[in-house]
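Accompanying notes for the structure given below.
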Amino acid sequence: MVVFNKAMKNSKTYKKGTRLEDVVDNDGVIGAMVDGEPRDLSYTLPEKAEVRFLTPEDEYGRQIYWHSTAHILAYAVKRRYPNAKLAMGPAIKDGFYYDFGVDRPFTPEELTRIEEEMKRIIGEDLPFDREELGVDDAIKLFKELGENYKIELLEELESPVSIYRNNDFIDLCKGPHVPSTGRIKFFKLTASSGAYWRGDESREMLQRIYGISFERQEELQDYLERMKEAKKRDHRTLGADLDLWMMNDEIGAGLVVWLSRGVTVRKVIEDFWWDEHKKRGYDFILSPHIAKTDLWKQSGHLDYYSDLIYPVMKKGNQSYLIKPMNCPFHIKVYKRKRRSYRELPLRLAELGTVYRYEKSGVLHGLLRVRGFTQDDAHIFCMPSQARDELVDIINLARDMLSAFGFGDYRVELSVWNVNEKDKYMGDEKDWENAESCLVYALKKTGLSYERMEGEAAFYGPKIDIKILDALKREWQATTIQFDFNLPQKFNLKFMGEDGRQHGVVVIHRAILGSVERFVGVLVEHYGGKFPLWLAPVQVKVLPITSEINEFAGDIREELAASGIRVEMDDRNEKLSFKIREATIEKVPYIVIVGQKEIDSGCISVRSRDKGDIGRPNLSDFISLLKEEIEKRSN
RNA sequence: GCCCAUGUAGCUCAGUCGGUAGAGCACCUCCUUGGUAAGGAGGAGGUCACCGGUUCAAUCCCGGUCGUGGGCUCCA
């Protein structure tokens, strides 16, 4: 028998019947990839195989580690609650969860007790024993155990299936697992919540417990530390602390009131947005907040999105809807007159505020609201122009996102599911052609992407760009969508060079997504420390005593006259107190003036990031600021 | 929308086993004019989310509504 390692360099020969655990090369190994398939260490090697051992450091090994911890959790729950029904317990991006059917939800105290039981199970160092059996036998087994969810899963599986045992605990599971429970060293149950069986909201609600585990205590501590850091950056608290915006019960859930400082940040972002679009040949429009119900019927939005549209407003014999999208208005602008191929591509952009009745449970700070401003645009072009338009949109997105310090993305190409063609609009040719245009643009711009089958909207395929923030968290920003629906519903045509009418292609796109969400993401990304060009207050002038107030006021004036967003704190407080407050407000630069500054004609400058940075004269300081703003330094 | 938790001063939170409440910070006044993250004293501030029920009496117990948080589902 021959066993090769991954590099196929040092092949080794073993006796027949050798198991992986007989040949592991170090103690950290918890499983292995054998010919590309994950296996338990108890796996008996075939005649010839390529083997790569896995440790918890490895991406896949980590999944095995977490998933095994989920089993221990399930066992602990079964020991404490014998009637609990097992559902599913996978490893996820950060840890694992397990869903249980129980009469009563778990309380935080119960989680603590479950953790204690888990520690016991780990202490008992029980092996994970794998066994294969036919589906019928497995169904019989789980019927005896009363595990109805497992039976439902089994009914969709083919023989043979595998089960794993720890002592008297049996779970249906594909595996693999660590060799024994003692391999799990440090873990924590992090949360519990309700979750629908199989993610289907028409099915019963199960109780889910989340957790995470590591081999070393430091790793667990690092993880908990990161959670704390994320909490510190929570845009909801920072937004309130920094006076950016407010929300209020009596105004309504998911409705944002922007405060002066927040408006400043928005204005800077929106001006930047305007300039970048102007440069690239976009035209700007502004559409009303309501329109007649018939318009939404015609566009199809009323049929497809009725759940999220606010109820009809009636006055006399007319009825109106508050807009959930900007599209129909853009379409009407296109249709305002006969369009010639000479006018195309026509790029209509709008910062359009839309209202959607989002389910109450999904609202979340600025990231999920009921009234928000899309940085929307529709591109009307000839089919032959679509590819290049897509390239331009991707470049625009990259340029804008990188200005905000987002250089890492994950890109998804969402296409239809060829097996469910009746769920989608347009014919096969449209979909294939659209996909090839999107792929072309992705290749041309050198973006690597993931193809997501069945994730497209019913009206067309799309590219989504998810940005990664300073903590490597993912946020949806750019979306670029083909729309086969609108051209058809509204019969959009252009007069071709040949004197005949042709169908126009509509590309619907948003770069930032929504201004509200984007500001929320920025706050978390920067932890509230906006770079100078975005900071609502760029400089704060602090006179040391009241005698200096007038002189400080002149400095404030001069900074303001140079276009710097500046405030002065001339309250009767000590300097260190004023510095403390300005620091908490995360103002990028503090200018300190006292008698020394009056005498020398310089100012003392303290930077948010670097502390005391010396005593330049005012005009040098202003040029420094202007340069930093101009560069949009991050 | 569903599951669980939760709602006390502008903010962060105590508290009342049913007899209408308290701290720190912030705010206001006075003293202090101080050189790189909290000077001192005093004061004001709450229909205890809202609506209903039980009770002699409800901020507390019960029901409902609304809001918020963590998830599920959905999504910009």
Side-chain angles (χ1 to χ4, degrees), chain A residues 97 99 102 104-108 110-111 190-210 231 234 236-237 240-241 243 246-255 305 307-308 324-326 352-354 356-376 457 464 466 475-479 481 508-518 520-521 542-549 570-585 590-597 604-608 611-613:
Chain A
Y97 68 77
D99 286 344
V102 281
R104 233 168 318 154
F106 301 104
T107 63
E110 285 173 307
L111 288 191
T190 49
S192 68
S193 74
Y196 300 107
W197 168 231
R198 314 204 86 175
D200 182 342
E201 60 181 323
S202 68
R203 306 290 305 263
E204 63 267 39
M205 177 76 60
L206 306 174
Q207 293 303 318
R208 175 172 297 179
I209 297 177
Y210 286 92
K231 207 172 166 193
D234 191 322
R236 292 165 300 185
T237 357
D241 291 348
D243 296 323
M246 61 171 280
M247 299 208 221
N248 175 281
D249 308 6
E250 282 158 345
I251 292 171
L255 301 173
Y305 301 107
D307 286 352
L308 55 75
M325 303 204 171
N326 301 302
T353 303
V354 298
R356 300 181 183 175
Y357 189 84
E358 299 288 352
K359 291 176 182 177
S360 58
V362 306
L363 300 174
H364 182 90
L366 284 188
L367 302 180
R368 197 72 185 276
V369 291
R370 285 183 175 155
F372 59 97
T373 307
Q374 290 183 309
D375 66 315
D376 214 351
D464 287 324
K466 321 233 170 191
W475 309 92
Q476 165 83 50
T478 305
T479 182
Q481 314 183 337
H508 177 181
R509 40 108 293 176
I511 305 298
L512 308 176
S514 96
V515 179
E516 284 75 4
R517 171 180 288 180
F518 198 74
V521 172
L542 310 184
I544 290 175
T545 69
S546 58
E547 279 149 37
I548 316 293
N549 286 355
D570 58 3
R571 292 175 305 169
N572 176 11
E573 296 290 350
K574 288 182 120 175
L575 177 64
S576 55
F577 183 82
K578 294 182 188 179
I579 288 174
R580 179 183 152 80
E581 296 227 320
T583 308
I584 289 169
E585 285 172 41
I590 296 170
V591 167
I592 295 160
V593 286
Q595 193 56 47
K596 274 191 232 164
E597 283 70 23
S604 286
V605 180
R606 189 184 154 104
S607 129
R608 178 180 64 195
D612 193 338
I613 56 167

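Letters A, B, ... mirror the listed sequences (proteins, then strands); counts begin at 1.
Remark: P of B:rG69 and CG of A:L367 are 10 Å apart, rounded to the nearest angstrom. Rounded to an integer number of Å, the gap from A:D243 CG to B:rA26 P is 15 Å. In this structure, A:I592 places its CD1 atom 16 Å from P of B:rG34, rounding to the nearest Å. As rounded to whole Å, 8 Å separates atom P of B:rU68 from atom CE of A:M247. To the nearest angstrom, C1' of B:rC66 lies 12 Å from CG of A:N248. Atom P of nucleotide B:rG67 and atom CD of A:E358 are separated by 14 Å, given to the nearest angstrom. Across the protein-nucleic acid pair, A:H364 atom NE2 and B:rU73 atom P stand 16 Å apart, rounded to whole Å. The distance between atom OH of A:Y97 and atom P of B:rC72, rounded to the nearest whole Å, is 8 Å.
Separating the C1' atom of B:rA26 from that of B:rC13 is a span of 15 Å, rounded to the nearest Å. Between B:rC25 and B:rC62, the distance separating the two P atoms is 35 Å to the nearest Å. The same atom, P, is picked in B:rC61 and in B:rG15; the two are 14 Å apart, to the nearest Å. Distance noted for atom P between B:rA21 and B:rU16: 14 Å (whole Å). The separation of B:rG24 from B:rA57, taken at their P atoms, amounts to 36 Å, rounded to a whole angstrom. Using atom C1' as the reference point in both B:rC28 and B:rA44, the two lie 7 Å apart (nearest Å). B:rG10 and B:rG45 have their P atoms separated by 12 Å, with the value rounded to a whole Å. Spacing of C1' atoms, B:rG64 relative to B:rC27, comes out at 37 Å, to the nearest Å.
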What does the 5'-to-3' dot-bracket notation of RNA chain B look like when only Watson-Crick and G-U wobble pairs under 3.5 Å count, and pairs to other strands show as |? (((((((..((((.....[..)))).(((((.......))))).....(((((..]....))))))))))))....

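Nearest-nucleotide positions on RNA chain B for A:Q481 and A:Y196 put A:Y196 closer to the 5' end. Both A:R368 and A:M205 lie close to RNA chain B; mapped to their nearest nucleotides by heavy-atom distance, the more 5′-ward contact belongs to A:M205.
Applying the side-chain hydrogen bond (donor to acceptor under 3.5 Å, both in side chains) test to A:E597 and every residue at least two apart in sequence or in another chain returns A:S604. Remark: A:S192 engages no residue in a side-chain hydrogen bond (donor to acceptor under 3.5 Å, both in side chains) (not counting sequence neighbours). In this view, A:K466 and A:E412 satisfy the salt bridge (charged side-chain N to carboxylate O under 4.0 Å, His left out) rule, not counting sequence neighbours.
Residues A:V521 and A:L512 have side chains not in contact (no heavy-atom distance under 4.5 Å, counting atoms from C-beta outward). Residues A:R517 and A:Q476 form a side-chain contact, since some pair of their non-hydrogen atoms from C-beta on lies under 4.5 Å apart. Contact of the A:Y196 side chain with the A:L206 side chain is not registered, since no non-hydrogen atoms from C-beta on lie closer than 4.5 Å.
Residue-level contact check: A:G594 touches the bases, meaning some heavy atom is under 4.0 Å from a base atom. Residue contacts shown for A:A253 are limited to sugar-phosphate atoms, with no base heavy atom under 4.0 Å away. Across all strands, A:R203 comes closer than 4.0 Å to no nucleic acid atom at all (heavy-atom distances). Heavy atoms of A:Y305 sit nowhere under 4.0 angstrom from any nucleic acid atom. The residue A:V369 sits close to a base: some heavy atom pair falls under 4.0 Å. As judged by a 4.0 angstrom heavy-atom cut-off over every strand, A:K596 is placed among the base-contacting residues. The residue A:S604 sits close to a base: some heavy atom pair falls under 4.0 Å.
At least one donor-acceptor pair closer than 3.5 Å links the side chain of A:R509 to the backbone N or O of A:D375. Judged by distance alone, the side chain of A:R356 and the main-chain N or O of A:P324 form a donor-acceptor pair under 3.5 Å. Without hydrogens or angle criteria, A:K578 side chain to A:P543 main chain gives a donor-acceptor distance under 3.5 Å.
Listed nucleotides B:rG34, B:rG1, B:rA37 differ in distance to A:R370; the shortest reach to its side chain belongs to B:rG1. Picking from B:rG1, B:rG71, B:rA76 the nucleotide with the shortest atom distance to the side chain of A:S514 gives B:rA76. Comparing B:rU36, B:rG1, B:rA76 by their closest approach to the side chain of A:E201 singles out B:rG1. For A:K359, whose side chain is taken as the heavy atoms from C-beta onward, the closest listed nucleotide among B:rU33, B:rG1, B:rU36 is B:rG1.
Side-chain N/O atoms of A:E597 and base N/O atoms of B:rG35 include a donor-acceptor pair closer than 3.5 Å.
Between A:R236 and the phosphate of B:rG69, there is a side-chain N or O to OP1/OP2 separation shorter than 4.0 Å. Dashed line: the shortest gap from a side-chain N or O of A:R208 to OP1 or OP2 of B:rC2 is not under 4.0 Å. Checking the phosphate oxygens (OP1, OP2) of B:rC72, a side-chain nitrogen or oxygen of A:Y210 falls inside 4.0 Å.
Annotation for A:E204: atom CD counts as buried by contact number, over 12 foreign heavy atoms lying within 6.0 Å.
Salt-bridge annotation for A:D200 and A:R198: absent, with no side-chain N of the basic residue lying under 4.0 Å from a carboxylate O of the acidic one. Salt bridge annotation for A:R580-A:E573: absent, with no cationic side-chain nitrogen under 4.0 angstrom from a carboxylate oxygen.
Evaluated for a side-chain contact (heavy atoms from CB on, under 4.5 Å) with A:L542, the options A:V593, A:I548, A:L575, A:V591 yield exactly one hit, A:L575.
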N/O-N/O pairs, protein side and nucleotides 38-45 of chain B side, under 3.5 Å:
unit_1: B:rA38; atom_1: N7; unit_2: A:R580; atom_2: NH1; d: 3.2
unit_1: B:rA38; atom_1: N6; unit_2: A:R580; atom_2: NH2; d: 2.5
unit_1: B:rA38; atom_1: N1; unit_2: A:R580; atom_2: NH2; d: 2.8

Passes side chain to side chain contact (heavy atoms under 4.5 Å, CB included), A:T583 versus A:I590? Steps please. CA-CA 9 Å; A:T583 308; A:I590 296 170; 4.3 Å; yes

Treating primed atoms plus P, OP1 and OP2 as sugar-phosphate and everything else as base, which nucleotides of nucleotides 4-12 of chain B get B, S or - for protein heavy atoms under 4.0 Å? S--------

